[in-house]
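First the structure, in the form of structure tokens, and then the observations on it.
As a basis for the values below, the full set of heavy atoms in this structure was taken, side chains included, without hydrogen atoms, waters or symmetry mates.
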Amino acid sequence: MTAHGQAAISLDQFDRSTKMQQVLQLLKASKEAGKEQTLFSFDELGTSREAIFIITLLRIKGYTVDLGNSEIIVKEEK
């Protein structure tokens with residue numbers, strides 16, 4: 001999946017944001033604790049735009065992201 005145009009610039013900027021870094025740190029800590037998946041509530045992800053960017057960036061980085069009722073379940077692809 002490749003981002004193009006203005007969306008690519010915004011995704012690139014968001015990828016370096018504090019919120020995205022927090023998500024990646026939680027995923028790293030979860031993996032180090034031996035967990036195969038990490039659950040994030042939509043409330044933790046911020047605005048709808050932030051949630052869409054987080055989900056998109058995680059998929060670009062090779063994670064599997066499943067949508068639940070009020071959360072996302074993130075798994076590292078094997």
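The CD atom of Glu71 sits 13.0 Å away from atom OG1 of Thr38, with the distance rounded to the nearest 0.5 Å. The distance from atom CD1 of Ile60 to atom CZ of Phe53, rounded to the nearest 0.5 Å, is 10.0 Å. Considering CG of Leu45 and CD of Glu50, their distance stands at 8.5 Å, rounded to 0.5 Å. Separating the CG atom in Asp66 from the CD1 atom in Ile55 is a distance of 10.5 Å, to the nearest 0.5 Å. The CZ atom of Phe42 sits 5.5 Å away from atom CG of Leu67, with the distance rounded to the nearest 0.5 Å.
Shown here are the side-chain hydrogen bond (donor to acceptor under 3.5 Å, both in side chains) partners of Ser17, two or more places apart in sequence or in another chain: there are none. With sequence neighbours excluded, the residues that form a side chain to side chain contact (heavy atoms under 4.5 Å, CB included) with Thr18 are Gln22.
Looking only at side-chain heavy atoms (C-beta outward), Leu27 and Glu76 stay at 4.5 Å or farther from each other. By the 4.5 Å heavy-atom criterion applied to side chains, Asp15 and Met20 are counted as neighbours. Between Phe14 and Thr56 the shortest side-chain heavy-atom distance does not fall below 4.5 Å. In this structure the side chain of Leu58 reaches within 4.5 angstrom of the side chain of Leu24, judged on heavy atoms. Considering only heavy atoms from C-beta on, Leu57 stays 4.5 Å or farther from Tyr63 through its side chain.
Looking at every heavy atom in both residues, Glu44 comes nearest to Lys19 through O-NZ, 3.6 Å.
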Notebook entry, point to check: Going through the checks in order, is the side chain to side chain contact (heavy atoms under 4.5 Å, CB included) test met by Phe40 and Leu26?
Noted result: CA-CA 10 Å; Phe40 293 94; Leu26 285 169; 3.7 Å; yes
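In this structure, Val23 is not a member of the same hydrophobic cluster as Leu39, with clusters built from ILVMFWY side-chain heavy atoms closer than 4.5 Å.
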